[in-house]
2 protein chains.
Amino acid sequence: MEKNLPPATVERLSNYRRKLKGINTEETAYIHSHQLAHLMRINPAHIRRDLMLINFSGDIHKGYNIENLIAKIGENIDCIRKQKLAFIGIGDLGRALASEFKNKDSKLEIVAAFRLEENLNDESVDFKCYPISKIKQVLKKEEIDIIVLTLTKINLKEVLKNIVDSGVKGILNFTSAHLDVPDEIYVENYDMIGKLEKLSYFTSCKD
Amino acid sequence: MEKNLPPATVERLSNYRRKLKGINTEETAYIHSHQLAHLMRINPAHIRRDLMLINFSGDIHKGYNIENLIAKIGENIDCIRKQKLAFIGIGDLGRALASEFKNKDSKLEIVAAFRLEENLNDESVDFKCYPISKIKQVLKKEEIDIIVLTLTKINLKEVLKNIVDSGVKGILNFTSAHLDVPDEIYVENYDMIGKLEKLSYFTSCKD
DNA sequence: AATTTCTTGTTAACATTTTAACAATATATG
DNA sequence: CATATATTGTTAAAATGTTAACAAGAAATT
């Protein structure tokens with residue numbers, strides 16, 4: 001299978017699936033494009049177009065079979081083997097994610113978090129917390145695939161070197177630091193200040 | 001002044017400014033489009049186009065005057081009065097943001113954070129931490145403009161009611177919950193799981 | 001003084017994403 | 001049985017975002 005789906009579609013498919021999994025299919029086995037669109041707050045045409053791209057057909061009158069759709073989305077966007085996540089820096093966001101992943105037979109799994117503090121194991125999560133100093137050995141040992149970076153008060157250069165050496169394939173970057181890594185590593189930057197200033201621009205009355 | 005800048009441009013302008021503020025203008029007072037583009041890892045044409053949209057002219061040989069550009073960006077994207085932020089749920093991300101805002105004479109200011117725990121004042125930050133139960137009175141009293149939501153284990157419906165009633169204008173939502181608020185409130189959703197699954201899709205070898 | 005080189009400002013082309021439109025078609029209804 | 005209705009699948013159009021191209025013009029160089 002080739003990776004020829006547009007990025008925006010991949011993201012939406014993931015979101016559709018999460019929403020669909022929340023539906024009790026014993027009560028309602030089928031859903032219409034406009035119903036799902038309403039739940040997602042997007043345009044119905046979007047749904048139909050996305051499902052067309054993964055070749056999923058619905059019943060012209062009953063709509064889309066929810067269980068089949070969930071499976072079909074998986075076939076298209078999930079990787080074969082489980083991918084392992086690690087957080088560098090973590091708070092409510094990481095805990096929230098962890099509980100999302102739990103019991104969801106997701107192909108993504110949080111296996112470690114690194115913090116500044118020593119010995120900060122949190123019994124509310126089921127992944128291990130390590131001090132940032134142990135990053136090198138843990139990344140190697142656990143074969144981490146994806147890093148979520150939220151911590152700025154670290155020796156970034158050294159940490160990045162360890163990340164690159166360990167074979168990490170992608171980084172979701174929430175810090176405003178620029179990550180100087182080889183092109184093979186897929187970096188998705190999320191600049192919170194930029195988003196906030198945009199929000200501020202569109203919410204403030206300028207006169 | 002009208003809000004006729006494209007959203008993507010507003011976001012980039014904010015990012016340019018943050019990068020420019022990190023430059024020592026005593027050493028280098030001017031910057032070329034390709035230099036800034038290199039720092040931002042984007043296309044030089046993008047820079048020139050964005051600056052065209054805010055009517056900022058550079059010197060054909062020296063480039064763009066950094067201080068003037070910072071000021072001009074402010075004129076275009078900053079609101080007149082300071083806008084107040086509050087976090088619902090907070091960890092490393094919030095602390096990182098707080099340190100970004102500090103001493104940056106930004107028009108955005110974090111004034112409060114709400115947590116599940118009682119009495120959890122953090123001496124490393126300069127905003128106050130409240131238990132989530134106090135949200136109603138604090139939002140009103142502090143006149144919060146923007147909410148950053150990262151906490152899921154709350155009574156969302158009630159919290160949202162308080163947010164709407166208090167006159168909040170925008171919400172940056174990191175949870176996967178759907179926020180049912182009036183259209184007047186600008187909601188920017190960031191679905192981390194969606195982003196992670198997209199990352200996973202583009203980093204995994206599917207064969 | 002002429003030529004080369006470089007950079008801005010601007011337009012046009014291109015790419016991607018989103019939305020609209022509508023034919024095809026199956027069910028329900030009169 | 002004919003008509004109305006509703007929904008998918010698909011194509012076309014619109015909107016948005018990005019990149020390329022290049023004229024205009026200033027400094028540096030020959």
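The structure displayed is predicted, hence computed values, not measured ones. Quick note on labels: first sequence line is chain A, next is B, and so on, each numbered from 1.
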*If you find the nucleotide of DNA chain D closest to A:Ile60 and the one closest to A:Ala45, which residue's nucleotide is nearer the 5' end?*
A:Ile60
What is the separation between atom [atom1] on [X] and atom [atom2] on [N], rounded to the nearest whole Å?
X	N	atom1	atom2	value
A:Gln35	D:dA6	CD	P	14 Å
A:Ile47	C:dT17	CD1	P	17 Å
A:Met40	C:dT19	CE	C1'	17 Å
A:Tyr64	D:dG9	OH	P	4 Å
B:Asp59	D:dA27	CG	P	7 Å
A:Arg49	C:dC22	CZ	P	17 Å
A:Lys62	C:dT27	NZ	C1'	12 Å
A:Arg48	C:dC22	CZ	P	14 Å

Any base atoms under 4.0 Å from [X], or only sugar-phosphate, or nothing? Heavy atoms, all strands.
X	answer
A:Phe56	sugar-phosphate
A:Ser57	sugar-phosphate
A:Ser33	sugar-phosphate

Counting only side-chain N and O atoms of [X], is one of them less than 4.0 Å from OP1 or OP2 of [N]?
X	N	result
A:His32	D:dA6	no
B:His61	C:dT8	no
B:Arg12	D:dT18	yes

*asked:* I'd like to know if the side chain of B:Thr150 and the backbone of B:Gly89 have a donor-acceptor N/O pair within less than 3.5 Å.
replied: yes
*asked:* Do the side chains of A:Asp78 and A:Lys107 get close enough for a salt bridge, i.e. N-O under 4.0 angstrom?
replied: no
*Looking at B:Lys128 and B:Glu142, does any basic side-chain N land under 4.0 Å from a carboxylate oxygen?*
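Salt bridge flag = no for B:Glu142 with B:Lys128.
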*Say whether B:Asp191 and B:Ser176, considering side chains only, have a donor N or O and an acceptor N or O under 3.5 Å apart.*
no
*Toward the 5' end of DNA chain C, which comes first, A:Asn43 or B:Met52, by nearest nucleotide?*
B:Met52
_A:His38, NE2 atom: more than 12 neighbouring heavy atoms under 6.0 Å_ =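 Open: at most 12 neighbouring heavy atoms sit under 6.0 Å from NE2 of A:His38.
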